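Taking it in order: structure first as structure tokens, then the write-up.
In this text, all values refer to a predicted model and were calculated from it rather than measured experimentally. Sequence lines set the chain letters: A, B, ... in the order given, protein chains first and strands last, and positions in each chain run from 1.
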Number of protein chains: 2
Amino acid sequence: MSQRNQRVSPEDVHPIACPIREIFDRVAGKWSVQIILLAVSKGPIRFTELERGIEGISRRMLTLTLRQLERDGLLVRTVYPTVPPRVEYTATEMARELRGAFEQLAAWAVRHQDAIADAQRAYDDRQEKVAAN
Amino acid sequence: MSQRNQRVSPEDVHPIACPIREIFDRVAGKWSVQIILLAVSKGPIRFTELERGIEGISRRMLTLTLRQLERDGLLVRTVYPTVPPRVEYTATEMARELRGAFEQLAAWAVRHQDAIADAQRAYDDRQEKVAAN
DNA sequence: CAGAATCCATCAGGATACTG
DNA sequence: CAGTATCCTGATGGATTCTG
């Protein structure tokens, strides 16, 4: 307890940081969260509904992200060979389980958003003073 | 319940997706997670300890990420005006509260890592077949 | 030791046009 | 409708050098 200059071995952080990293990469991308939330809350959802429901997403990124989520087994893609074609995306059970974690993070965000904003202002003020030196 | 062609209004996803986005941006960056976890578990930690403890991080990215976390009030930076200089980073209470959410996500990751790997293999196999057409 | 500053490669991602 | 293909640009981030 007195000695804190002990080396930090990579293994200390790895077992928790590594799986988390993997998850965040595939699940916490800018668009993945919104797609998953929509797919979870809106049941089977169509390509165009997603495109309209997610502000600012490009057709390209929607396609790429959907493919990745499908590959990871978070979404199921169902094609109805009608004309015009109809494709629906359904969240799997696995994806639905993410909602809890997302909501916990959202709660944390809400709880601390003011504190964060304050911290940022305080920090920026300090920088201004230094810059004005 | 029969009608699912209802429009998806942006407000349906916004209230939860927006704060989450903010959080993920500032907290779920490639390096932020590892830095926070190290700072939380290793008490006050020095620049060089972080550099050695996080595999593959560059000096530049470590500095940039530390600045951002400090600005957001997740880390406190303490300078000891000795020679050579000594700087320590301490996780704030706010940052420590994140551990729960991180661990929940980590648990999710561990629970489903096999299923995800399987899904990916299955998906890739399907693609190969198509490519071979 | 703990950075700041600079240069440079990569690549995520947007806009647009085309198609089964 | 639900994509694919192509082009192009800005931001991300690594490597390196310099300094109090």
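Rounded to a whole Å, the CZ atom of B:Arg59 is 15 Å from the P atom of D:dT19. In this structure, the CE atom of A:Met61 is 15 Å from the P atom of D:dG3, given to the nearest Å. Between the NZ atom of A:Lys30 and the P atom of D:dT12 there is a distance of 10 Å, given to the nearest Å. Distance CG (A:Leu50) to P (D:dA2): 10 Å, rounded to an integer number of Å. Nucleotide D:dA2 holds its P atom 12 Å from the CZ atom of A:Arg67, rounded to whole Å. In this structure, CG of B:Leu62 is placed 11 Å from P of D:dG14, rounded to the nearest angstrom. For the pair B:Ile54 CD1 and D:dG13 C1', the interatomic distance rounds to 15 Å; values are reported in whole Å. The nearest whole Å value for the distance from the CZ atom in B:Arg60 to the C1' atom in D:dT12 is 8 Å.
Along DNA chain C, read 5' to 3', the first and last nucleotides having any atom under 4.0 Å from a heavy atom of chain A are C:dG13 to C:dG20.
Looking at B:Arg86 and B:Glu88, a side-chain N of the basic residue comes within less than 4.0 Å of a carboxylate O on the acidic one, giving a salt bridge. Here A:Glu97 pairs with B:Arg111 in a salt bridge; the nearest charged N to carboxylate O distance falls below 4.0 Å.
A heavy-atom distance below 4.5 Å is not found between the side chains of B:Phe102 and B:Arg99. Annotation: side chain of B:Leu64 is in contact with side chain of B:Met61 (closest heavy-atom distance under 4.5 Å). Contact of the A:Arg77 side chain with the A:Val87 side chain is registered, since non-hydrogen atoms from C-beta on lie closer than 4.5 Å.
Among the heavy atoms of the strands lying under 4.0 Å from A:Thr63 is at least one base atom, whether or not backbone atoms are also near. Residue contacts for A:Tyr80: at a heavy-atom cut-off of 4.0 Å it reaches no nucleic acid atom on any strand shown.
Using a 4.0 Å cut-off, no side-chain N or O of B:Ser58 falls inside it from OP1 or OP2 of D:dG13.
For the atom pair NE2 (A:His112) and OG1 (B:Thr92), the distance works out to 8.0 Å, reported to the nearest 0.5 Å.
Among the nucleotides D:dG3, D:dA2, D:dG13, the one closest to any side-chain atom of A:Arg46 is D:dA2.
For the pair A:Thr48 and B:Pro85, both in contact range of DNA chain D, the more 5′-proximal nearest nucleotide belongs to A:Thr48.
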**B:Arg26 and B:Arg71: CA distance, side-chain angles, deciding distance, side-chain contact (heavy atoms from CB on, under 4.5 Å) verdict** = CA-CA 10 Å; B:Arg26 69 169 38 93; B:Arg71 186 174 111 96; 5.9 Å; no
